[in-house]
Amino acid sequence: MRIPGNIDIIEYCDENGAFTEEGGVKLSNSCDAYFSAMGEFRPGVQAGVCSLKGRINERLQERRGPAYESIVALVNSEEYSKIAEYDYELECFPTAVKIYQMERGGTGITFFDQIEYIDNFQKIYQQMIFYFRRIQLNLAKPIQQECMTYLRKNKFSVFMVAQILIDCEIGNKDDVAIRLARLYMEQGSPKEALFLVSVMMEQYETINPVALNACREEIMESL
């Protein structure tokens, strides 16, 4: 069970920001009260988490559009928002829903067709963050190219790549997007490269617009 952080440490410090003995006692008492309350709350949360995951997994197994749409409705519900903050898999799964919504209506398979359980997405999400960090650090080219090998092997769309990059917590997303776009270009996928850069420009108007626009123009010239 994931416990959201919601403690304002300032209230336990003096005016200079130093932690006080009185503040330490107060914080300890607050934590004891919090964990006591959570002890009563936890069984209900765990039951809610299991229920949500079970319902999502059942719908994924149906492999039908109406079932997938019911997942979208569930994830957008108040019930889901109240429980998801206590479980990391549930907290991240709305990203999978966004990917599905971008892909649905096309002629190919959707992202929901590529996963069987909610924890499958969590593994993909973490793997993509791992690749993004490699690209962010500008490691050796063969190491960065492993990301594209992974995408090709699993037939993951650029919609998935873009949405996870937007939602995940890493820095220098503009640089990562540009390097990913160039990797797409190198494998002969200029349309995917253009989509990725264009989406990042729309989502983050303030991050390195000059570099993103230059990359976009470079891609456009190749089309």
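Residue numbers count from 1 along this sequence.
- The shortest side-chain heavy-atom distance between E103 and S157 falls under the 4.5 Å cut-off.
- For the pair F159/T110, no side-chain contact is recorded, criterion being any heavy-atom separation below 4.5 Å from C-beta on.
- With hydrophobic clusters built from ILVMFWY side chains whose heavy atoms lie under 4.5 angstrom apart, L180 shares a cluster with I170.
- Side-chain contact between E116 and R63: present, with at least one pair of heavy atoms (C-beta onward) separated by less than 4.5 Å.
- Looking at V161 and E192, their side chains never come closer than 4.5 Å, going by heavy atoms from C-beta outward.
- Residues F156 and I109 fall into different hydrophobic clusters, defined by Ile, Leu, Val, Met, Phe, Trp and Tyr side chains chained together at heavy-atom separations under 4.5 Å.
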*Decide side-chain contact (heavy atoms from CB on, under 4.5 Å) for V75 and L52; before the verdict, give the C-alpha distance in whole Å, the side-chain angles of both, and the deciding distance to 0.1 Å.*
CA-CA 9 Å; V75 171; L52 287 174; over 6 Å; no

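- Note that CE of M160 and CD of Q163 are 11.0 Å apart. Values are rounded to the nearest 0.5 Å.
- Connection of L151 to F130 is established within a shared hydrophobic cluster, with ILVMFWY side chains joined at heavy-atom distances below 4.5 Å, either directly or through further cluster members.
- For the atom pair K191 NZ and S222 OG, the distance stands at 11.5 Å (nearest 0.5 Å).
- Listed here is the closest heavy atom pair of C92 and Y125: SG-CE2, 3.9 Å.
- Going from atom SG of C147 over to atom CZ of R152 covers 10.0 Å, rounded to the nearest 0.5 Å.
- Shortest non-hydrogen contact noted between Q144 and N138 is NE2-OD1, 3.0 Å.
- At a threshold of 4.5 Å between side-chain heavy atoms, the hydrophobic network of Ile, Leu, Val, Met, Phe, Trp and Tyr places M220 and L212 in one connected group.
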*For the pair Q114 and I124, evaluate side-chain contact (heavy atoms from CB on, under 4.5 Å) and give the outcome as yes or no after the intermediate values.*
CA-CA 11 Å; Q114 296 176 285; I124 295 167; over 6 Å; no

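- Annotation for R64 and E62: closest pair NH2-OE1, 3.0 Å, computed over non-hydrogen atoms.
- No hydrogens or angles considered: a donor-acceptor pair under 3.5 Å links the side chains of N213 and E217.
- A pairwise comparison of heavy atoms in I56 and Y80 identifies CD1-CE1, 4.0 Å as the closest pair.
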*Going through the checks in order, is the side-chain contact (heavy atoms from CB on, under 4.5 Å) test met by I219 and F195?*
CA-CA 10 Å; I219 297 168; F195 174 83; over 6 Å; no

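- Of all heavy-atom pairs between K173 and L165, the closest is NZ-O, 3.0 Å.
- Two residues are said to be in side-chain contact when any heavy atoms from C-beta on lie closer than 4.5 Å; M200 and I166 meet this criterion.
- F132 and I143 fall into different hydrophobic clusters, defined by Ile, Leu, Val, Met, Phe, Trp and Tyr side-chain heavy atoms under 4.5 Å apart, directly or through other members.
- Rounding to the nearest 0.5 angstrom, the gap separating the CD atom in Q187 from the OG1 atom in T149 is 8.5 Å.
- In this structure, CD in Q136 is found 8.5 Å from CG in D175, a value given to the nearest 0.5 Å.
- Between the OH atom in Y184 and the CE atom in M148 there is a gap of 4.5 Å [rounded to 0.5 Å].
- Ring-plane geometry between Y150 and Y131 is classed as tilted, the angle between the planes lying from 30 to 60 degrees on a 0 to 90 degree scale.
- Relative ring orientation between F93 and F112 is described as parallel, the plane-to-plane angle staying below 30° on a 0-90° scale split at 30° and 60°.
- Under the 3.5 Å distance criterion, the side-chain polar atoms of N57 are matched with a main-chain donor or acceptor of I118.
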_Pair M185-E218, side-chain contact (heavy atoms from CB on, under 4.5 Å): steps then yes or no_ = CA-CA 10 Å; M185 290 287 289; E218 178 185 333; 5.7 Å; no

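- When every heavy atom of I135 is checked against every heavy atom of R179, the shortest pair comes out as O-NH1, 2.9 Å.
- Between the side chain of E85 and the backbone N or O of E91, no donor-acceptor pair lies under 3.5 Å.
- Between R59 and V72, the closest side-chain pair of non-hydrogen atoms is not below 4.5 Å.
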*Test side-chain hydrogen bond (donor to acceptor under 3.5 Å, both in side chains) on Q122 and Y117 and set out the steps.*
CA-CA 9 Å; Q122 186 57 43; Y117 305 102; over 6 Å; no

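- Not a single donor-acceptor pair under 3.5 Å links the side chain of S51 to the backbone N or O of G48.
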